[in-house]
Amino acid sequence: MAESEEEVDVLVQRVVKDISNAFKRHPSIDEIGFIQCPEARYNRSPIVLLENKLGVESWCVKFLLPYVHNKLLLYRQRKHWLDREALVDITCTLLLLNPDFTTAWNVRKELLQCGALSPERDLYLGKLTLTKFPKSPETWIHRRWVLQQILNRFPAVGHHKILLRREAEVEVADAEITQHANDHLAQIILQEMMVCADAASRYPSNYNAWSHRIWVLRHMAQGNSKVFHDELSSLRLWVSMHVSDHSGFHYRQFLLKELITDLNLGPELWSNSGPQKQASSSPDSSYLVDQLFYQEMEFCSDLILSFPGHEALWSHRFHHG
Amino acid sequence: MKLYSLSVHYKGSTKANLLKAAYDLSSFSFFQRSSVQEFMTFTSALIVERTSQGTRASVKEQEYLCHVYVRNDNLGGVVIADTEYPQRVCFTLLEKVSKTFSKWTVLVKRRHTPSSDHLFPPQNPREADAMTKVQAELDETKIILHNTMESLLERGEKLDDLVAKSEHLGNQSKAFYKTARKQNSCCEIM
């Protein structure tokens, strides 16, 4: 069935608008997917919303994707003008169909930088594309860029996180801002952990998801051993249910290394009364290190006995040794 | 480590009749679930049809393992799981389900409605495996391994034809199968 260029134009614009409206009316959409549908039915929109899941009927993709793809390239080549709202809608549609189209993410970076788009919007879009494309490298890369933008706006966070603990030296009003920033940061970390866990569940040994998880902790939770401890314990169940996931166990090794480094450096980083020059490892920290090792070995051995024959488990045990 | 479906069939002379099934498709993409369920039903029925009485077998197909047990009285159970889920637990489960099912049919004849709450096993295999009495009997049993679905088919039989003829699969699922076959991969649209 040959479509004239005009018909395609009208159809595609309608679909892009349908997607945009779907998000406006249903802010709790949490998954995207394609619906196998070789032909259009009646005159209905190919955009389907069911139980907070957004579906795109497959028949329209062959019209939709090339069209929006070209539109964006023409804009980049300055051969065609698009206003901000159109750019947001078009890049959104494009990325839902193909999240590895770097140009689309880059256009969104520009929109973010000029204030036409909020960082949270892109984190949300990324979360959605990962439900269909859990490995998408460009999605993860863009996500880190957005998180870095958010971090840059924090008062003295990130590299200077240690300063936040010196509440006694800070005015009360500042302390409140600090507390607010800390809470916001904790929330972001939690959300990233959930996005990573979800993506890791959707694709086995999802290296990109786990690397991102490590990046988040390195950049947003330095010196915060509580986060590392929490991660270690909350991941026990997950790795038990994914015993052949090498990346999951590699992540546990990362957590342990960080905790042990922290412990070996001594408690000077945690003290509220300022840094003290302590011996690099006290008997207490040495005991804690041993405890961590022992618990992990026990956990690993238990899994090996319950589920024999998984290389990832033996590899983990080997690295642990 | 996932269990996707558990189904019980009656192995008739020419085909298998689905008696009861339970599914856990939460790990599949939302819009694919109905097709996935149909395919699991289709696959389970086909496996029961092609498995002889008194046999246990495991059939590997892509990243799924289908474990089947057909009793001498033609009651057949199929568990579809991923490759991490322990095979032994699946067979213990099939043994238990077959016994429970026999009890059910007796109850139904007596006009009691059995609860299907216990049909679906817990996802954590360590909970499902606390049936050590049954386990002891199974240790001695032989389990046939098939590397593909194709090895169950007869000479000249094609899976594509069976899919096209199947009453378990709706039109959408059949279309999905055709597209996936052409592209040689599942779940990719473009």
Side-chain angles (χ1 to χ4, degrees), chain A residues 29-39 41 47-66 69 96-98 100 130-134 198 200-205 237-245 248 302-303 305-313, chain B residues 1-4 24-39 58 62-65 81-90 92 121-130 132 135 163 169-183 185-190:
Chain A
I29 291 176
D30 60 12
E31 190 182 316
I32 57 160
F34 289 120
I35 302 171
Q36 261 300 330
C37 195
E39 279 159 19
R41 286 171 299 177
I47 306 305
V48 173
L49 193 70
L50 215 54
E51 290 181 40
N52 282 328
K53 323 285 178 193
L54 185 72
V56 179
E57 289 182 350
S58 60
W59 63 264
C60 79
V61 177
K62 62 181 179 290
F63 300 118
L64 192 57
L65 188 54
H69 188 261
L96 288 175
L97 299 173
N98 179 14
D100 284 320
L130 290 170
T131 61
K132 173 87 181 82
F133 306 93
D198 195 63
S201 299
R202 289 180 194 271
Y203 191 83
S205 283
L237 183 61
W238 196 95
V239 297
S240 311
M241 299 297 276
H242 297 83
V243 286
S244 58
D245 197 311
D302 183 44
L303 286 176
L305 286 170
S306 302
F307 309 112
H310 289 283
E311 192 194 335
L313 291 174
Chain B
M1 190 153 317
K2 300 188 188 82
L3 268 184
Y4 301 115
D24 181 353
L25 304 174
S26 52
S27 57
F28 289 96
S29 159
F30 182 79
F31 294 102
Q32 291 177 336
R33 285 172 199 172
S34 60
S35 279
V36 169
Q37 181 168 317
E38 287 177 5
F39 270 107
S58 294
Q62 296 166 49
E63 65 267 34
Y64 305 100
L65 264 176
D82 68 4
T83 49
E84 278 183 355
Y85 204 92
Q87 183 199 47
R88 200 196 67 217
V89 175
C90 293
T92 309
Q123 284 289 358
N124 190 335
R126 283 187 280 192
E127 288 174 49
D129 209 12
T132 43
Q135 181 44 46
V163 167
L169 300 170
N171 287 330
Q172 200 184 22
S173 299
K174 288 182 184 173
F176 182 49
Y177 177 83
K178 266 201 199 141
T179 322
R181 283 297 260 182
K182 267 194 226 155
Q183 295 163 349
S185 69
C186 227
C187 320
E188 300 265 30
I189 303 293
M190 301 274 294

Q) Just wondering, more than 12 heavy atoms not from Y203(A) lying within 6.0 Å of its OH? A)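 No - once you tally the heavy atoms of other residues, nucleotides and ligands closer than 6.0 Å, there are 12 at most.
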**Q.** Residue E63(B) excluded, over 12 heavy atoms near CD under 6.0 Å
**A.** yes
Q | Expected output: side-chain Q36(A) to main-chain A175(B) donor-acceptor under 3.5 Å | A |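 Answer holds: no.
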Q: Using non-hydrogen atoms and a 4.5 Å limit, figure out which bit of L97(A) sits close to chain B: side chain, backbone, both or neither.
A: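 Interface part for L97(A): neither.
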Q) Using non-hydrogen atoms only, which part of D245(A) is less than 4.5 Å away from chain B: side chain, backbone, both, or neither? A)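 The backbone, not the side chain.
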(Q) Please classify the contact between S29(B) and chain A as side chain, backbone, both or neither, with a heavy-atom cut-off of under 4.5 Å. (A)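 It is both, since atoms from each part get that close.
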Distance check, rounded to the nearest 0.5 Å: [X] atom [atom1] versus [Y] atom [atom2]?
X: F176(B); Y: I35(A); atom1: CZ; atom2: CD1; value: 12.0 Å
X: M1(B); Y: S244(A); atom1: CE; atom2: OG; value: 7.5 Å
X: E51(A); Y: F31(B); atom1: CD; atom2: CZ; value: 9.0 Å
X: E84(B); Y: H242(A); atom1: CD; atom2: NE2; value: 6.5 Å

